[in-house]
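What you see is a predicted model; the values in this text were computed from it and never measured.
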Amino acid sequence: MNTKCQNNIDLINKLKEQGLILPSSEDINIYNKSLTLYGKKISNRIGIQPLEGFDSDLDGSPTDMVRRRYLRFVNGGAGLVWFEACAVSNNGKSNPHQMSITANNWSKFKELIQLMDDTSIASNQAPTFKVLQLTHSGRVSKDSNWNPMPIAIRKSKEELNSENVPYIISDEQIKQVVNDHIEAAKLAANAGFDAGDIKVCHGYLLSE
């Protein structure tokens with residue numbers, strides 16, 4: 001019995017101990033099946049979900065910590081890696097070390113993508129399918145010193161009579177945010193990402 005099957009059986013037994021009965025199968029071959037998305041092959045059904053590490057450089061570039069994390073995802077055999085939230089502008093970062101792709105640093109992302117592809121190909125897999133999640137943090141934006149720098153499209157009901165209100169951006173600035181997403185998507189494509197994810201949730205700017 002291989003290790004993966006044993007781990008699956010251990011999980012099933014642990015669920016039973018807790019009185020939890022969930023549909024399960026000892027056959028995990030489905031995870032090894034490939035699929036094609038947008039004309040590109042994904043070698044298996046294992047995917048890494050986006051989770052921020054807050055360990056990018058101050059300009060948003062991947063650091064050694066970032067590179068180590070994403071290469072480990074590939075070495076772990078994932079067919080799809082969904083990158084963490086990546087700010088489209090400096091004023092839309094949730095923290096000083098949030099990932100951010102710009103005209104000045106996109107080539108560093110390209111280097112990381114190439115490393116990931118080389119690693120997956122070396123292990124006889126198709127290149128990992130890579131998605132970049134683009135965002136503007138809006139009300140939870142912070143400056144380079146971690147100070148809150150909330151940006152919003154309108155005041156909330158609670159803010160109408162409050163002195164503590166976010167910076168309300170103009171129509172022209174809203175258009176710029178949209179253009180920032182478009183430019184970031186183009187840079188991501190040039191860097192070698194296979195798809196983009198526009199983050200419209202959690203009260204971030206686009207969700208307004």
>> Using a 3.5 Å distance criterion without hydrogens, assess whether the side chain of N44 forms a donor-acceptor pair with backbone atoms of G79.
In response: yes
> What do the steps show when you test L15 against I21 for side chain to side chain contact (heavy atoms under 4.5 Å, CB included), and what is the final call?
Replying inline: CA-CA 7 Å; L15 289 171; I21 307 300; over 6 Å; no
>> Any heavy-atom pair between the side chains of S120 and P127 that's under 4.5 Å?
In response: yes
> Is M149 reachable from I153 through a run of hydrophobic residues whose side-chain heavy atoms are each under 4.5 Å from the next?
Replying inline: no
> Who else is in the cluster with W146 when I, L, V, M, F, W and Y are joined by side-chain contacts under 4.5 Å?
Replying inline: none
> So how far is it from N190 CG to I113 CD1, rounded to the nearest 0.5 Å?
Replying inline: 12.0 Å
> If you look at every heavy atom in S94 and E52, which pair is closest and at what distance?
Replying inline: OG-OE1, 3.7 Å
> Is the backbone N or O of S43 less than 3.5 Å from a side-chain atom of S34, with the two atoms forming a donor-acceptor pair by type?
Replying inline: no
>> Check for me, please, whether I46 and V74 land in the same ILVMFWY cluster - side-chain distances under 4.5 Å, paths through other members count.
In response: no
> Would you say C86 and Q133 make side-chain contact, with heavy atoms under 4.5 Å?
Replying inline: no
> I174 and D171: side chain to side chain contact (heavy atoms under 4.5 Å, CB included), yes or no, with the steps?
Replying inline: CA-CA 5 Å; I174 292 173; D171 288 349; 4.2 Å; yes
> Taking 4.0 angstrom as the limit, do K175 and E172 come out as a salt bridge?
Replying inline: yes
>> Could you check whether any side-chain N or O of N145 sits under 3.5 Å from a backbone N or O of N147, counting only pairs where one atom can act as donor and the other as acceptor?
In response: no
> Which heavy-atom pair separates P96 from S144 by the least distance, and what is that distance?
Replying inline: CG-O, 3.4 Å
>> Between E84 and K199 (salt bridge meaning N to carboxylate O under 4.0 Å), is one present in this structure?
In response: no
>> Return the CD to CG distance between Q98 and N95, rounded to the nearest 0.5 Å.
In response: 5.5 Å
> Residues sharing I168's hydrophobic cluster, by side-chain heavy-atom contacts under 4.5 Å among ILVMFWY, directly or via others?
Replying inline: none
> Are the side chain of H202 and the backbone of Y204 linked by a donor-acceptor contact shorter than 3.5 Å?
Replying inline: no
> Can you find a heavy atom in the side chain of I198 that is under 4.5 Å from one in the side chain of H181?
Replying inline: yes
>> Looking at R69 and D55, is any side-chain nitrogen of the basic one under 4.0 Å from a carboxylate oxygen of the acidic one?
In response: yes
>> Can you list everything that forms a ring-ring contact (aromatic ring centres under 6.0 Å, His included) with Y70? Sequence neighbours excluded, please.
In response: F73, F83
> With a 4.5 Å heavy-atom cut-off, do S89 and H136 have their side chains touching?
Replying inline: yes
> Is there a side chain to side chain contact (heavy atoms under 4.5 Å, CB included) between K108 and L112 once you walk through the steps?
Replying inline: CA-CA 6 Å; K108 295 181 180 179; L112 174 56; over 6 Å; no
> Could you state the interatomic distance from CG (L160) to CZ (R154), rounded to the nearest 0.5 Å?
Replying inline: 11.5 Å
> Quick one: OG on S56 to CZ on F109, what's the gap to the nearest 0.5 Å?
Replying inline: 6.0 Å
>> Looking at every heavy atom in both P148 and P150, which two are closest together, and how far apart are they?
In response: C-CD, 3.4 Å
> With ILVMFWY side chains joined below 4.5 Å, transitively, what does F54's cluster contain besides itself?
Replying inline: none
> Do the side chains of N91 and I151 get nearer than 4.5 Å, heavy atoms only?
Replying inline: yes
> Under the criterion salt bridge (Lys or Arg N to Asp or Glu O under 4.0 Å), which of K110, K130, K40 is the partner of D117?
Replying inline: K130
> If you measure from CD1 on I182 to CG on D180, what distance do you get to the nearest 0.5 Å?
Replying inline: 9.5 Å
>> Quick one about T102 and N104 (side-chain donor to acceptor, distance below 3.5 Å, no hydrogens or angles considered), yes or no?
In response: no
> Is a side-chain N or O of E208 found less than 3.5 angstrom from the main chain of L205, in a donor-acceptor match?
Replying inline: no
> Which other residues belong to the hydrophobic cluster containing W82, where Ile, Leu, Val, Met, Phe, Trp and Tyr are joined when side-chain heavy atoms lie under 4.5 Å apart, directly or via other members?
Replying inline: L35, L37, Y38, I42, L80, F129, V131
>> If I compare all heavy atoms of S207 with all of C201, which pair ends up nearest, and what's the gap?
In response: CB-N, 3.9 Å
> Looking only at heavy atoms, what is the nearest atom pair of A78 and I48, with distance?
Replying inline: CB-CG1, 3.7 Å
>> Looking at every non-hydrogen atom in both residues, tell me the closest pair between A185 and L134 and how far apart they are.
In response: N-CD1, 3.8 Å
> Donor-acceptor pair, N105 side chain versus I101 backbone, under 3.5 Å?
Replying inline: no
>> Can you list everything that forms a salt bridge (charged side-chain N to carboxylate O under 4.0 Å, His left out) with K33? Sequence neighbours excluded, please.
In response: none
> Can you check whether K16 reaches L20 side chain to side chain, under 4.5 Å on heavy atoms?
Replying inline: no
> In this structure, are over 12 heavy atoms from other groups packed under 6.0 Å from D57 atom CG?
Replying inline: yes
> Between M99 and V200, is there a shared hydrophobic cluster once you connect ILVMFWY residues whose side-chain heavy atoms come closer than 4.5 Å?
Replying inline: yes
>> Using modelled atom types and a 3.5 Å cut-off, is there a donor and acceptor pairing between side-chain atoms of S137 and backbone atoms of G92?
In response: yes
>> Check whether S170 reaches the backbone of Q173 with its side chain - one donor and one acceptor, N or O, closer than 3.5 Å.
In response: yes
> Are the side chain of K93 and the backbone N or O of L58 linked by a donor-acceptor pair below 3.5 Å?
Replying inline: yes
> Does some side-chain heavy atom of Q176 sit less than 4.5 Å from a side-chain heavy atom of N179?
Replying inline: yes
